[in-house]
Amino acid sequence: MSHGSPRLQAFVVRVYGALLRLYPEEFQRACGAPMLETFEAVCRERAARLGTAAYAFAALADLGDALSCAWHARRAPGRCAVAKVERAGDTRMMALWHDSLHAGRRLLAQPALVTFTVLTLGFAIAANAALFSIVDAVLLRPSPFAGSDRLVNVVNYSPRGFTYPGLNPDKLREWRSQRDIFDAVEAYRPLAMVVTGGVEPQEVQAAQMSPGLVALLGVPPHQGRLFTDADTLEGRDRVVLVSERFWRMHLGGEPSAVGRPILINGASYEVIGVMPARFHFPSLAQQLWLPMDPVRMSRSGGPAITLARLQEGLAIEAAQERINSITAQLEQAQPIPSGWSIRLRPDTITRPPEQVERAVLVLFGAVGLVLLTACANVANVLLSRAVDRRREFAIRLALGAGRGRLVRELGLEGLLLGASAALVGLAAAHWSLETLVRLAPASLSFVTTTPIAVDGRVIAFGVLLAVITGIVCNVPPALRLLNARGTEALSGRTSSEAATPLHRRMRAALVVVEVGLSVMLLVGAALMARSFAQLNAIELGFDPDNLLAVTLGIDSHRYETVASQVALLEDVAAGVARLPGVEGVAVSSGLPPHAGDLSFAAAETDAGLCGDEPIGIVSNLVTPAYFHVARIALIEGRPLREDDPREAVVISRALARHCRGETLVGRRLRLGPAAPWLTIVGVSADVRALGLKNERGDLSVYSALSAGTFLLPNMATRIGDSRFVSRRLAVRTDRPGALLPDVKRLLWSIDATVPVLSAGPATEFMADTIRSERFMLTLMTLFSTVALALASAGIFGVLAYAVAQRTREIGLRMALGATPRAVLRLVVGQGMALAGIGVLVGLAGAFALSRLLASLLYEVDPRDPIAFAMMGGVVLTVTLLACAVPAIRACRIDPATALRHD
Amino acid sequence: MFLPLTPAEFNVLLSLADAQRHGYAILLEIEQRSPELRLRTGTLYTVLKRMLDHGWVEEVAAEKRDDPRRRYYRLTPLGRAVARAEAARLESLVAVARQRRVLSAGRRLTPEKGR
């Protein structure tokens, strides 16, 4: 843990300065400035000595001291105030200790109450602490990248808003020369590589970077060195930076690993450095980084992403204006098709994207609501228990006990409850956080410098929260007790008149709040559920059920020609087809959600250009059985056949529409002026090739596996000297998981060196693409259920108490002729009135706040009336049930005994 | 009429007895001498303000090179007299303690606090 962070220090000093304003005017004039100066000196000294948690506690003590002194200064300005201020600690401590013991003993005498309170609060604190650790790691900790608020992507925007990240060597030179806009322009490209030399070949995510990029990111290496310009020279560029995880797992974690060679894609690369554990770029997945000259980089392989840093003090809007004004100049160097523009976008790698921030904050807000609900419930329970102590408190007040002393006693009780809840809660958070993080999608455990765990800051947060909660929950009882009308309480009359209007109103208000909060949470969950259902209902275009997806890496050094690769794959496919339970096998270069290859081209039929700009097209090389095995419907024409010429292709309906295809079957198509003409033999249904949420995958072209890359010369595959080519086996079977070992055995019996890069049921891969939505939905449902349970318990408690209070009255009514049904109506009416108000309040709150969810919802209106109405109905129903038991009990009151009841 | 002083008040007076000091220096000095007091900034300045009002302590012009908010304090003759009175009172109490054999006569019971 680093020593007291400067931000915390500045914050604490600011709060102290604000507290100073509570002092009397004259005091501030005389001592305000030196007081703050002294405090700053104290803080500075502490920051150098203590860790963050200790620092926070000490600062809290100081703030408390300042507060209490301010109070004394106001109360007794001239007096020496010998009695209160700074007794040497001994006597005051002793008094505090005795009071605490007393409070503890009193609490222990009510085990049920204490258990209920501690568990309720503990659970709420656990949830809040867990989410705070996520918030802390994702949002509060500083980014590991230097100057990350000045990093931008330079992106080409088409007239229709389509982005093309392609980097152009001339453009790069041009941008680098614009010293008044950028002080550094670098580029990178993520890619997958296969590391061999171990037990079995492994696919590892990597990224190529221009040498200045690592320096731009400002993270020093853990070992070794970073890239220099010399590393991009031809022949000297077989160097690699590895991640700390890779270094530990594959290189033994020894310092001597630096300088050793490793085999990547069959070639030997020297490890020149190890990046620290907190370095993740461009995502958590990357483990290797290779240098590349951006000029050469942009000529081969896929598009590279530009990362540039704006000049110090230059705002992104101002930079954008400068870019716009020099676009004309750039156009001379490299003509840009009309309507395209160059835009700067804040980089989303080095900072969490707004989506993630929004999601995390929404969840954090939701647990906050759960905590409030829990507090309301606990306060209600404590309030009802407080009635038992009215007599005691009234006597003590009458005998001259200071109100302050009594308040302190109650405060101590609250503190003890809070502390116990903190203990329970933090332990629960610690145990559940691991599971939570494992279930969470990768996008939520974003670029975090520290692992998400219950560390000092989270503990401090949890304790603070628990203490405040414990004390706050005791406020209504305190108000109740200290406002006790002395004589009445002393007389010993406890029961039926005990519920004063204030008391009743407080309890009612608390219940209304609880119901309202649970309604809000439920509406949120309902909206997310609808959104999730919409996502699940998306027409996939193919049938992933009972489909096994296996990705193989074909070594192009062993299978140099396309024909040999195809022969191997067909052998494997034939073998798999003979396995029991297999209905069909196909081979392809891509299977949703891993599409195949995405390239950008301007489509053209023999009727002319299809559109005025290049579009992203997914190219998939398939065997003829693919359409049948994946159950992709053919809308026109026919699927590919064995004997088709290599120009034959099947296109997707979306692509046909883009090409304004009336009947396109039999027509010709080419992707780009330099590409060969293709013949369309069929039009297939649209497939979500890039995952559920990505509509761009709909534009697809399927050509025969054996055709290789003939038809699509600008298809993005790997870097120039890539060795491993990945191909997918799609196996239709009724037991996909169980079949996998047989498939592997068969594969390795044909060629034992072919690595299986990934394998699993296709449904899992598709489901992975909406993992974050599922995660959010699960959490929101959990929170709202808990809140609803708490609210129901609250209503139950209030009604049960009211019935107990009004036993005499109800007995009287029944004696005077009221039917049980009338009594039922009375009780239920009371409960439902509260619930009704709560629901209205909750719906209003949800209406106001649901806008915050908008960016997380998929095609669902955040003010969707159905969701609101349904959840309102659910809450009313549940609360009705909660009213049932007390109501029934009320009916069963025997008038005779009731009237004898005091 | 002012006596007995609270421990905090007396310690602050002692602290200013041999030199003029600013707030932070007083805190440091007291922490070294009597760490069990745990004097905090708020309490210190409440005491100082009171002493300023009573005229036991006065402000001194600060050095040029310091933070402009820093104030130095020193004892006034009245303050010195008050400190002397309190010390005398404590001394007489200690004498009674020695007389009644609560404290051994002439020998130091607590070891010198050396830093």
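We name chains A, B, ... by the order of the sequence lines, and we start the count at 1 in each one. Quantities reported herein were computed from a predicted structural model and do not represent experimental measurements.
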ask   = Given a strict heavy-atom distance threshold of 4.5 Å, which part of A:Glu40 is in contact with chain B: side chain, backbone, both, or neither?
value = side chain
message = If I measure from the heavy atoms of chain A, does B:Phe10 come under 4.5 Å with its side chain, its backbone, both, or neither?
response = neither
query = Heavy-atom distance under 4.5 Å to chain B: side chain of A:Ala70, backbone, both or neither?
reply = neither
remark   = ring pair (Phe, Tyr, Trp, His ring centres under 6.0 Å) filter on B:Tyr72, not counting sequence neighbours, yields B:His22
query = chain A heavy atoms under 4.5 Å from B:Leu28: which part of the residue, side chain, backbone, both or neither?
reply = neither
task = Mind listing the closest non-hydrogen atom pair of A:Ala30 and B:Arg71 along with its distance?
result = O-NH1, 3.6 Å
Extract all donor-acceptor atom pairs below 3.5 Å that involve side chains of residues 11-24 of chain A and protein atoms in other chains or at least two apart in sequence.
unit_1, atom_1, unit_2, atom_2, d
A:Tyr16, OH, B:Gly42, N, 3.4
A:Tyr23, OH, A:Ala66, O, 2.9

ask   = Which of parallel (below 30°), tilted (30 to 60°) and perpendicular (above 60°) describes A:Phe132 and A:Phe461?
value = parallel
